[in-house]
Amino acid sequence: MFCSTADNMTETTPSLRPRPRLRFAPSPTGSLHVGGARTALFNWLYARHYDGDMLLRVEDTDKARSTEESTRAIFEGLLWLGLSWNEEVVYQGANLERHQRDALAMLETGAAYRCFCTPEELEQRRSEAQAARESFKYDRRCDRLPAEEVARRVAGGDPYVIRFRIPEGSTEWDDMVHETISFPNKDLDDFVILRSNGTPIYNLAVVSDDIAMGITVVMRGDDHISNTPKQILLYRALGAEPPTFAHLPMIHGMDGKKLSKRHGATAVGDYQHQGLLPGAMLNFLALLGWSPGGDREVMTMDEMITLFTPDGLQRKAAIFDPKKLEWMNGQHLSRVPLAELEPRVTPAMMEAGYVDEAIVDSRGEWYMSLLDLLRVRARTIDDIVRQAGPYFPGTIEYDAEAVANNWKERSSAADILEAAKEALAGDSAWDAGTLEAILRGLAESLGISAGKIFQPLRVALTGLTVSPGIFEVLVAQGRELALRRLSDAIGWLRRNP
RNA sequence: GGCGCUAUCGUCUAGGGGACUAGGACGGGGCCCUCUCAAGGCCCAAACACGGGUUCGAAUCCCGUUAGCGCUACCA
């Protein structure tokens with residue numbers, strides 16, 4: 001199901017380099033968001049392009065907010081998009097023991113220390129600092145506690161957290177997206193790594209897991225930039241080599257603000273249900289923050305894999321434009337091989353009651369050509385379904401505007417349709433060329449322009465002002481159904497003079 | 001407030017000192033094609049945030065200003 005990139009390797013031959021290992025690490029506190037999907041996509045593209053692995057880690061250490069439904073939704077979203085992962089899914093919550101071990105190890109090496117300050121005390125000092133318009137930073141008072149007092153309080157059962165002691169100096173790294181980013185360590189706070197209840201804080205859990213999973217490239221949103229120096233310090237304290245970091249820009253809504261429910265559909269599932277093609281979604285998302293250079297826009301997954309390199313990555317936040325997504329989907333809709341499109345459309349067609357398995361099997365060729373006919377005018381799968389009614393036996397509605405514009409003179413419209421019906425009723429061949437000759441001939445003999453026949457006919461056949469070319473409609477409907485639609489229309493016109 | 005990141009048409013972007021009268025795409029406007037609508041083709045409007053440098057030459061390099069965003073928890 002998922003393509004291999006073995007044939008697509010281009011530059012710089014990673015054969016000497018170890019395979020890169022990346023991970024997508026969502027926290028299961030909601031559905032898969034388009035921002036998360038894009039992060040997953042870039043991780044995936046990188047892994048595929050450089051012949052590496054992308055693992056999936058569910059960051060469920062926040063018990064209060066994590067849900068199983070959310071975990072499921074994230075899997076579903078990823079699967080729908082076709083973003084597969086290697087190896088078993090890692091659940092962060094299952095690694096509690098290692099997280100604790102790592103925290104204790106740092107305590108032993110002196111990289112971290114116990115802190116007995118309570119959340120209330122901290123909160124108090126924080127608000128005092130705020131009132132005095134000073135920035136709050138933990139003052140390390142517990143780091144200065146005499147060893148005997150620490151031992152006594154621990155023995156006495158006083159609750160404590162473990163804090164990381166930020167060393168002197170500065171911390172910097174070469175970001176794949178940005179250039180060198182550096183932070184003076186004095187701006188970093190002695191952050192908590194293990195809560196008083198023994199559970200790890202985010203930065204520790206991430207680093208501990210990334211080390212354990214052998215992650216070599218960390219690609220994530222640039223909202224993590226300020227976590228990075230802390231994490232690098234943690235890697236060093238744990239005696240591990242930090243990975244390469246790549247910080248991707250955020251996605252904003254049309255108002256330039258962070259994407260939220262106010263901006264309409266932001267969950268990947270929303271787009272799935274709106275009849276988007278996963279390939280189009282991915283293509284659109286990829287272009288939000290990455291460019292292959294030049295004018296390249298519409299791409300297949302395989303093309304994206306070969307074209308993807310980190311130097312095409314953007315530094316600036318991008319705005320999510322649903323209009324362009326729609327256009328992109330239209331492009332994919334008409335370019336995707338029919339065989340690939342059919343399974344994505346058929347479930348919706350079944351739901352609408354137009355087809356069942358029997359029809360898809362017995363009239364497969366006809367069905368495929370119908371999809372081919374309808375996709376031209378569609379931007380979503382739902383558009384295809386919406387247009388499909390007239391080609392199936394059920395009755396059709398006559399659109400009020402179509403009637404008003406094209407059946408203005410009821411009785412003459414009926415006459416024209418009558419004539420057309422007669423002309424089509426014979427046993428002549430039923431193909432576009434023949435039908436065109438017949439209808440144009442009829443127009444000539446009636447002394448009217450062809451359009452004067454085509455438009456009323458279109459309404460009779462489809463009930464609409466808009467449809468594929470009229471001969472294609474006739475062919476798709478077949479003689480029997482087309483003739484029936486004509487009789488129905490004539491009857492309707494005679495009944496509503 | 002502190003720290004950090006960012007800055008080309010309304011939006012996504014190309015651009016890595018001269019090839020720039022700044023290119024493409026979405027969206028908008030117009031025309032063509034035409035049985036309608038799409039698709040397609042052609043054309044138009046539309047941008048280098050500002051100020052200083054560096055240089056013979058700056059959208060491109062440096063500094064500052066401004067603006068936007070992010071982080072600043074015993075959240076992730």
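Proteins come first, then strands; the chains are lettered A, B, ... in the order of their sequence lines, and each starts at number 1.
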**Asked** What is the nucleic acid contact for A:Ser135, judged by heavy atoms within less than 4.0 Å: base, sugar-phosphate only, or nothing?
**Response** base

**Request:** Looking only at side-chain atoms of A:Asp62, point me to the closest of B:rA25, B:rA76, B:rC26.
**Result:** B:rA76

**Message:** On the nucleotide B:rU36, are OP1 or OP2 found under 4.0 Å from the side-chain N or O atoms that A:Arg377 carries?
**Reply:** no

**Message:** For a quick check of understanding: with a heavy-atom distance under 4.0 Å over all strands, which category does A:Ser27 fall into, base, sugar-phosphate or nothing?
**Reply:** sugar-phosphate

**Request:** Calculate the interatomic distance between A:Leu248 atom CG and B:rC5 atom C1'; express it in whole Å.
**Result:** 13 Å

**Asked** A:Phe320 near the nucleic acid: base, sugar-phosphate alone, or nothing, with a heavy-atom cut-off under 4.0 Å?
**Response** nothing

**Prompt:** Do the side chains of A:Lys316 and A:Met250 get nearer than 4.5 Å, heavy atoms only?
**Reply:** no

**Request:** Describe the nucleic acid contact of A:Val161 in one word from base, sugar-phosphate, nothing, applying a heavy-atom distance below 4.0 Å.
**Result:** base

**Prompt:** So does A:Arg126 get a side-chain nitrogen or oxygen closer than 4.0 Å to the phosphate oxygens (OP1/OP2) of B:rC74?
**Reply:** yes

**Sub-4.5 Å side-chain heavy-atom contact between A:Val89 and A:Arg57** = no

**Asked** With a non-hydrogen cut-off below 4.0 angstrom, is A:Ile470 in contact with a base, only sugar-phosphate, or nothing?
**Response** base

**Request:** Classify the nucleic acid contact of A:Ser291 as base, sugar-phosphate or nothing, counting any heavy atom under 4.0 Å across all strands shown.
**Result:** sugar-phosphate

**Message:** Under 4.0 Å, heavy atoms only, any strand: does A:Glu172 hit a base, just the sugar-phosphate, or nothing?
**Reply:** nothing

**Request:** Side chain of A:Asp295 only, please: which of B:rC69, B:rG24, B:rC75 is the nearest?
**Result:** B:rG24

**Message:** For a quick check of understanding: with a heavy-atom distance under 4.0 Å over all strands, which category does A:Thr61 fall into, base, sugar-phosphate or nothing?
**Reply:** sugar-phosphate

**Asked** For the pair made of CE in A:Met254 and P in B:rU11, what is the distance, rounded to whole Å?
**Response** 8 Å

**Request:** Give the rounded distance in Å between these two atoms: CE of A:Met250 and P of B:rA76.
**Result:** 18 Å

**Prompt:** Which part of the nucleic acid, if any, lies within contact of A:Gly289, taking any heavy atom under 4.0 Å across all strands shown: a base, the sugar-phosphate backbone alone, or nothing?
**Reply:** sugar-phosphate

**Nucleotide nearest A:Lys323 (side chain, heavy atoms from C-beta), chosen from B:rA25, B:rG27, B:rU6** = B:rG27

**Item:** A:Ile201 CD1 - B:rC74 P separation (whole Å)
**Value:** 7 Å

**Asked** Which nucleotide, B:rC75, B:rU13, B:rC26, lies nearest any side-chain atom of A:Ala318?
**Response** B:rU13

**Request:** Let me know the distance between CG of A:Asp372 and C1' of B:rA39, rounded to the nearest Å.
**Result:** 13 Å

**Request:** Rounded to the nearest angstrom, tell me the gap between atom CZ in A:Arg125 and atom P in B:rC74.
**Result:** 11 Å

**Asked** For A:Arg195 and B:rA76, is the shortest distance between a side-chain N/O and OP1 or OP2 below 4.0 Å?
**Response** yes

**Request:** Please work out if A:Glu59 contacts a base, only the sugar-phosphate, or nothing of the nucleic acid, heavy-atom cut-off 4.0 Å.
**Result:** sugar-phosphate

**Asked** If you take all heavy atoms of A:Cys115 and A:Tyr138, which pair is closest and at what distance?
**Response** SG-OH, 3.1 Å

**Asked** Looking for any heavy atom pair under 4.0 Å, which part of the strands does A:Arg458 touch: base, sugar-phosphate only, or nothing?
**Response** base

**Prompt:** Which nucleotide in the set B:rA39, B:rU36, B:rA25 lies at the smallest distance from any side-chain heavy atom of A:Glu297?
**Reply:** B:rA25

**Request:** For residues A:Val336 and A:Leu277, determine if any side-chain heavy atom of one lies less than 4.5 Å from a side-chain heavy atom of the other.
**Result:** yes

**Request:** Compare side-chain N and O positions of A:Gln314 against OP1 and OP2 of B:rU8 and report whether any pair is under 4.0 Å apart.
**Result:** no

**Item:** Value in whole Å for how far the C1' atom of B:rG15 lies from CG of A:Asp311
**Value:** 14 Å

**Message:** Mind checking if A:His247 touches a base, just sugar-phosphate, or nothing, with heavy atoms under 4.0 Å?
**Reply:** nothing

**Request:** Please determine if a side-chain N or O atom of A:Arg379 lies less than 4.0 Å away from the OP1 or OP2 oxygen of B:rG27.
**Result:** yes

**Rounded distance (Å) that lies between atom P of B:rC37 and atom CD of A:Glu472** = 15 Å

**Message:** What contact category does A:Pro159 fall into here, base, sugar-phosphate, or nothing, at under 4.0 angstrom with non-hydrogen atoms?
**Reply:** nothing

